[in-house]
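To find a chain, count down the sequence lines: A is the first, B the second, and so on, and within it residues start at 1. The analysis underlying the following values was restricted to heavy atoms, covering all of them including side chains, and did not include hydrogens, waters or symmetry mates.
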There are 2 protein chains.
Amino acid sequence: MNIGEIARRAGVSRSTVSYALSGKRPVSDDTRQKIQRVIDELGYRPNASARALANGRTSTIGLVFPPAGNHYTGMQLDFIGSVVEAAAAYDYDVLLSPSGVDSDRSFQRLLGERRVDGAILMEIRLEDDRVDHLAALGFPSVAIGRTAHPEGGWWVGLDHTALVEACVHHLADLGHRRVAFVNRPEGLLRAGYESAHRGLDGFTKAAAERGLAVRTYCCGDDAASGQACLERILHDEPATTGLVTLNEAALGGLYRGLAEAGRHVPRDFSVTGVVAGRWAETVTPQLTAADVPAEEMGRRAVDLLVERLDHPGASPRHHLLAPPISLRASTGPAHGTS
Amino acid sequence: MNIGEIARRAGVSRSTVSYALSGKRPVSDDTRQKIQRVIDELGYRPNASARALANGRTSTIGLVFPPAGNHYTGMQLDFIGSVVEAAAAYDYDVLLSPSGVDSDRSFQRLLGERRVDGAILMEIRLEDDRVDHLAALGFPSVAIGRTAHPEGGWWVGLDHTALVEACVHHLADLGHRRVAFVNRPEGLLRAGYESAHRGLDGFTKAAAERGLAVRTYCCGDDAASGQACLERILHDEPATTGLVTLNEAALGGLYRGLAEAGRHVPRDFSVTGVVAGRWAETVTPQLTAADVPAEEMGRRAVDLLVERLDHPGASPRHHLLAPPISLRASTGPAHGTS
DNA sequence: TGGCAGTATCGAACCGGTTCGAAAAAGGAG
DNA sequence: CTCCTTTTTCGAACCGGTTCGATACTGCCA
């Protein structure tokens with residue numbers, strides 16, 4: 001079941017079999033057919049490790065996870081799914097790297113041991129040592145997210161600043177004056193997560209522009225935290241009439257908190273934010289939100305990475321996406337205290 | 001940066017370096033230290049492909065996806081996350097295989113090209129050619145799910161029949177007489193998905209035992225389908241007062257449909273089913289449900305696979321899980337038409 | 001001081017492919 | 001029929017590790 005066996009049965013040399021398969025040198029028609037017949041008969045497939053060793057390419061890309069710990073959100077699932085699918089179209093496999101507790105170890109595994117040809121990094125931080133490290137090494141990688149200094153890098157990003165600004169303007173246009181911001185968990189904000197920081201920046205800036213009274217909160221990635229967070233919001237400022245969130249996993253909890261406080265959405269309270277479309281449609285009333293185009297981002301990241309792998313000298317490229325807000329049913333005009 | 005370079009700099013032979021690293025033969029203390037110093041200095045890591053070629057083990061396990069198409073549910077995310085984490089603890093990497101459109105191709109890639117030492121299969125069908133195929137090949141694999149003939153196989157399963165029965169009994173105990181079943185999408189049922197079939201069996205059986213009037217539905221994996229499905233349920237039998245679902249992605253839509261029909265949960269209508277705990281807590285009121293222990297299942301699947309890899313002769317093992325129903329807030333006593 | 005056990009290290013073969021240079025075979029022109 | 005070009009195939013080296021058999025070195029006892 002190795003190439004030598006195929007060669008023996010076809011009565012040719014190993015190199016001829018190799019060339020017949022790769023097409024890198026011409027092989028006469030009848031020997032090719034003879035070889036093909038033997039291959040089909042035995043169901044032969046070349047050994048991936050041997051091939052990787054010989055030509056230095058593993059045909060595998062690494063998908064590097066955050067040091068976020070044990071919690072995965074729905075958005076990440078969409079990334080993973082679309083990356084795997086897009087990679088398969090280019091004949092690449094996808095190796096998942098947890099980079100959980102000690103990210104260095106699995107990072108070393110992926111790069112140091114040459115398990116992958118390139119990497120896609122998820123959950124980027126503004127100052128991200130992984131990105132810097134890879135850039136210093138010249139290792140082909142694409143970030144899903146954008147560091148504080150994205151110039152000269154390869155990445156696919158979402159313009160969280162602009163999206164959150166749009167959310168704030170949307171609420172302000174509806175007459176809301178007291179608005180809260182529900183961010184990702186505090187640990188992630190402190191760790192410098194891009195979405196948390198840029199989203200917060202956009203919120204602060206737009207709120208200042210519109211002269212809104214605002215409060216910002218961090219919130220755990222689960223429904224219970226969302227509910228608790230909403231209670232805190234109404235406790236701190238009962239006159240709050242709207243919120244913007246980046247935290248899709250807390251969304252259900254936020255809604256529950258509103259329901260239990262007797263605030264009807266969207267009559268008494270407007271909710272909006274930046275979340276995956278699937279989640280926006282799950283809650284009732286459906287969330288007016290900037291839908292994170294996770295699938296497109298994953299696909300584009302793979303496109304960029306493959307381009308980079310195919311053309312080692314290519315100059316850096318990136319995509320900054322800013323999808324429009326999908327108007328659904330969770331926001332409405334403010335009244336009463338406005 | 002290869003073993004020869006290390007050997008040269010340390011003034012020893014390549015085999016000595018290899019033995020110093022693997023410990024498979026004794027190496028004197030000072031040469032070991034000399035070698036280690038060089039390795040640390042250069043940051044050397046042995047090439048994974050070369051190692052895999054030499055000793056026939058890739059230290060990688062494959063995670064095989066369903067032919068389900070482009071839709072991933074939250075449960076799958078939890079499986080993936082826990083599998084990756086558990087595998088990392090055993091020093092295994094995880095290779096994702098879509099097996100999307102033509103599952104054969106990526107299957108061949110994984111096994112035929114020897115990219116992985118073993119595989120974990122997700123989304124099992126009652127008659128699953130992948131399982132049969134692997135069993136015939138004697139290839140080390142563990143299924144997350146259980147075929148119609150699970151004897152002699154390695155798997156981690158969820159007792160959907162028992163769980164759905166428990167849900168039905170729960171509703172019947174509360175006095176509900178007309179109950180609906182919301183299954184996975186029709187395509188999956190027709191394809192023979194285990195959860196869809198066994199869940200349906202349990203529902204039918206328990207409903208018959210309790211003499212309930214029932215209807216069963218298939219429902220797409222998204223909120224819009226859930227809403228449509230609920231409308232159909234109430235249209236077909238307006239006196240329905242409860243439902244059992246396996247479809248977590250439709251859950252939000254089911255709730256919305258109930259709200260729009262003016263049925264209050266749990267006062268007018270009880271909802272229960274088998275879904276991941278995270279989803280059960282997202283909806284309001286929180287779902288009384290059998291929580292799918294996705295994390296535990298993923299972890300156990302890895303444990304079994306590693307055991308199988310370490311002891312090639314070991315006799316088949318499995319785990320059939322049947323977590324209890326978590327009483328939350330979505331079910332209550334029936335009244336009115338009862 | 002020779003013989004011997006035991007330890008430390010080395011060289012070579014091997015895993016299964018790819019690739020290069022050269023040899024062999026085929027075809028065409030003189 | 002020879003010579004030369006072109007096409008087709010072959011053998012050997014290489015990728016970077018692992019592993020086996022054998023050699024070199026050490027210390028100990030007779």
**Q** What's the closest nucleotide to the N2(A) side chain, out of dT18(C), dG17(C), dG16(D)?
**A** dG17(C)
**Q** What nucleotide, of dG16(C), dC10(D), dG16(D), holds the atom closest to the side chain of V12(A)?
**A** dC10(D)
**Q** Can you check whether N47(A) has a side-chain N or O nearer than 4.0 Å to OP1 or OP2 of dG16(C)?
**A** no
**Q** Any ion pair linking R300(B) and D303(B) (charged N to carboxylate O, less than 4.0 Å)?
**A** no
**Q** Should S18(A) be listed as having a side-chain N or O under 4.0 Å from OP1 or OP2 of dT18(C)?
**A** yes
**Q** Could you tell me the separation between the CZ atom of R45(B) and the C1' atom of dG16(D), rounded to a whole number of Å?
**A** 15 Å
**Q** Record whether the side chain of R25(A) comes under 3.5 Å of the base of dT8(D) through a donor-acceptor pair of N or O atoms.
**A** no
**Q** Without decimals, in angstroms, what is the distance between R51(B) CZ and dG16(C) P?
**A** 18 Å
**Q** Pick base, sugar-phosphate or nothing for S28(A), based on heavy-atom distances below 4.0 Å to the nucleic acid.
**A** sugar-phosphate
**Q** Using atom CZ of R8(A) as one end and atom P of dT9(D) as the other, report the distance to the nearest whole Å.
**A** 19 Å
**Q** If you check the T16(A) side chain, which of dC10(C), dC10(D), dT19(C) turns out closest?
**A** dC10(D)
**Q** Report the residue (P26(B) or L53(B)) whose heavy-atom-nearest nucleotide on DNA chain C is the more 5′ of the two.
**A** P26(B)
**Q** For T31(B), report the nucleic acid contact type (base, sugar-phosphate, nothing); a contact means any heavy atom under 4.0 Å.
**A** sugar-phosphate
**Q** Please say whether more than 12 non-hydrogen atoms of neighbouring residues, nucleotides or ligands are located less than 6.0 Å from CZ in R32(A).
**A** yes
**Q** Of all the nucleotides listed (dT9(C), dT18(D), dT18(C)), which has the minimum atom distance to the side chain of V27(B)?
**A** dT9(C)
**Q** Just checking E296(A): does its CD atom have more than 12 heavy atoms from other residues, nucleotides or ligands closer to it than 6.0 angstrom?
**A** yes
**Q** Less than 4.0 angstrom between a side-chain N/O of K24(B) and OP1 or OP2 of dT19(D), yes or no?
**A** yes
**Q** Tell me the interatomic distance from I35(A), atom CD1, to dT9(D), atom C1', rounded to whole angstroms.
**A** 10 Å
**Q** Please work out if S15(B) contacts a base, only the sugar-phosphate, or nothing of the nucleic acid, heavy-atom cut-off 4.0 Å.
**A** base
**Q** Considering the options T58(B), N47(B), D93(B), which one meets the side chain to side chain donor-acceptor pair (under 3.5 Å) requirement together with R115(A)?
**A** D93(B)
**Q** Is there, by distance only and without an angle test, a donor paired with an acceptor across the side chain of Y19(B) and the base of dC20(D) below 3.5 Å?
**A** yes
**Q** Taking OP1 and OP2 of dG11(D), is either one under 4.0 Å from a side-chain nitrogen or oxygen of R14(A)?
**A** no
**Q** Rounding to an integer number of Å, can you tell me how far Q33(B) CD sits from dT9(C) C1'?
**A** 17 Å
**Q** Distance check needed: dT19(C) C1' versus I3(A) CD1, whole Å only.
**A** 12 Å
**Q** Would you kindly give the CZ-to-P distance between R57(B) and dT18(D), to the nearest whole Å?
**A** 13 Å
**Q** Verify side-chain contact (heavy atoms from CB on, under 4.5 Å) between M1(B) and L42(B), making sure each step is shown before the conclusion.
**A** CA-CA 7 Å; M1(B) 58 288 276; L42(B) 271 67; 6.0 Å; no
**Q** Considering only NZ, NE, NH1 and NH2 on the basic side and carboxylate oxygens on the acidic side, decide whether R37(A) and D40(A) come within less than 4.0 Å.
**A** no
**Q** Rounded off to whole Å, could you give me the CD1-to-C1' distance for the I39(A) and dG17(C) pair?
**A** 13 Å
